Amino acid sequence: TKIEKVTFPSSLLEIKESAFLSANLSSVQFDGTPQLTTIGGNAFRTTKLETFECPSSLKYIEGNYTFYTSSLKSISLNEGLESLGNYTFYGSGITEVNIPKTVKSVGTGVFQNIKSLETAKFEGENTQLNNTYQIFYNCDKLKTVDMSGLTALTSISNGAFANCSSLSEIQIPNTVTSIGDATFQSCSGLTSVLIPNSVTSIGERAFDICCKLTSITIPDSVTSIGSHAFSFCSGLTSVVIPNTVTSIGEYAFSNCKKLTSVIISSGVASIGDYTFADCTSLSSITIPDSVTSIGNAAFQYCSGLTSVTIPNTVTEISKYVFQDVPTQGDLYCDEDWYNNLTQEQITNLGNVYYWQRHNIDPTPTPTVVYSSTTTIEEYCNGYDWTRDTTVHYLSGYSDSTLVEYSAKTTTSVLEHNSVEHCGYIPEDIVIKNENKYSLYRKQITRDGGQTWLNTNEYYAELKEENSPDCRN
């Protein structure tokens, strides 16, 4: 059709499906006070419209590909709009979009494949919208998304931000309980993401190939981590898996080439196939005594691995678990467990079986090293920190004080008032809170420092020992 301009009468209630499909239409106006409520699918597909301002009466943009046209540079969505159909603005040329709080539902890929889109905002307090399936998929120039208005969102649906390579940070609303499959896959510019304590599951490939993501805090609300969830996060240097996590999917952290620190807490029952395969910077791993099985090639090609701790609870050791790890290293395990390994288990352990073995108590009793009179500056020398299953406790220091001091740590035990200390930073510290001891575990911070994370593990009683004295 050769129609280039159209003025709609105020009495018009609906623009039917495919009404102006592939028309030369470049201008749309509305007479008087519009009563338009509905625009059908394909209505303005592949037209020459550059701008479109939705009238205040509009409630429904239905069907598929309604504004699928690369010429569209600007869209104004009205407050009162309730729904957007599948692929409504797919492949258009808009650079920004504000989604009003009245929108209750959106279809698949509403803003998918918009190569010019840079900013998006969900306005006000939207208490009804709860679907984001592929909503910004492949918007590779998208830099900023404000989701704070989504007060009812419980799930970020599959592929919502996949291939948004310019997205550098995202704050997930604290109503979200699940992060869907491939939600942030190939967000190669993503450097920071805050996962709230409401999240219980992280889907398959959720952060796969997020190359610039250097750290991730998994909250203790999470119970499952999907397969490939953080695979190929080549900038990731540390991860703490809280004790609420019971299952880790296969390949979950595979090919994280810079990963140097992994803490697996005591909720995990099994380590899946290829979970940490090709983590070439990982030098040590301690498997908690909650684990009973280690999957195929779980630590395959971890070429920097030289220290492994395996508890006697591990009864299933699958093939190629430690394939192509170094020929020399230190294996910490229970002597009886080691002596009772089957020939198949020995084969599956590979080089690790022949490493220098160090016996560990199969059921170690945590001890506490402390003194209420020893200052933090004095608590350093005279104690062997190099291989230690002891839990450490400094009497009189609160949680906030611990964080304050740990933020100043370097490669020494602790630094305070410019006093440097020698020795190794303890893996565990215990703080006494109301007659129970809370276990904190060492964690590498984003800036390369060290801090301690509350594992939510508690001991009612601890053996007390005198702390080392470095004053002499």
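Bear in mind that the values here come from a model prediction, so they are computed numbers and not experimental data.
No side-chain donor-acceptor contact under 3.5 Å links Ser76 to the backbone of Glu53. A donor-acceptor pair is defined here as one N or O able to donate and one able to accept, closer than 3.5 Å; such a pair exists between the side chain of Ser116 and the backbone of Gly93. Side chain of Ser71 to backbone of Thr47: a donor-acceptor contact under 3.5 angstrom is found. Side chain of Asp273 to main chain of Asn296: a donor-acceptor pair is present (N/O by atom type, distance under 3.5 Å, no hydrogens or angles). Between the side chain of Ser10 and the main chain of Gly32, no donor-acceptor pair closer than 3.5 Å is present. Between the side chain of Thr102 and the main chain of Leu81, a donor-acceptor pair closer than 3.5 Å is present. Put simply, the side chain of Ser261 never gets that close to the backbone of Ser238: no donor and acceptor are under 3.5 Å apart. The backbone N or O of Val103 sits less than 3.5 Å from a side-chain atom of Asn126, completing a donor-acceptor pair.
Remark: of the listed residues Phe111, Phe44, Tyr90, Phe44 is the sole one forming a ring pair (Phe, Tyr, Trp, His ring centres under 6.0 Å) with Phe67. When each of Phe276, Tyr274, Phe299 is paired with Phe253, the ring pair (Phe, Tyr, Trp, His ring centres under 6.0 Å) condition holds for Phe276 and for no other. Paired with Ser178 under the rule side-chain hydrogen bond (donor to acceptor under 3.5 Å, both in side chains), one option of Ser155, Ser198, Ser201 passes, and it is Ser155.
Using the six-membered ring where Trp is involved, Phe8 and Phe20 have ring planes that are perpendicular, over 60° apart on the 30 and 60° scheme.
Taking the ring centre of Tyr68 as origin, the terminal cationic atom of Arg45 falls outside the region bounded by 6.0 Å and 45° from the ring axis.
Taken from NZ in Lys59 to CG in Asn78, the straight-line distance is 11.0 Å, to the nearest 0.5 Å. Note that the CD1 atom of Ile61 and the OG1 atom of Thr37 stand 11.5 Å from one another [nearest 0.5 Å]. Rounding to the nearest 0.5 angstrom, the gap separating the CG atom in Leu58 from the CD atom in Glu79 is 13.5 Å. Atom CZ in Arg205 sits 12.5 Å away from atom SG in Cys210 (nearest 0.5 Å). Within the model, atoms OG1 of Thr132 and CG of Leu150 stand 8.0 Å from one another, a figure rounded to the nearest 0.5 Å.
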Practice item. May I have the step-by-step check of side chain to side chain donor-acceptor pair (under 3.5 Å) for Thr175 and Thr154, ending in yes or no? Key: CA-CA 5 Å; Thr175 54; Thr154 59; over 6 Å; no
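Other residues, nucleotides and ligands contribute more than 12 heavy atoms inside 6.0 Å of the CZ atom of Phe52.
If you check the side chains of Ser231 and Asp208, you find a donor sitting under 3.5 Å from an acceptor.
Ionic pairing of Lys16 and Glu14 is present here: one or more N-O contacts between side-chain nitrogen and carboxylate oxygen are shorter than 4.0 angstrom.
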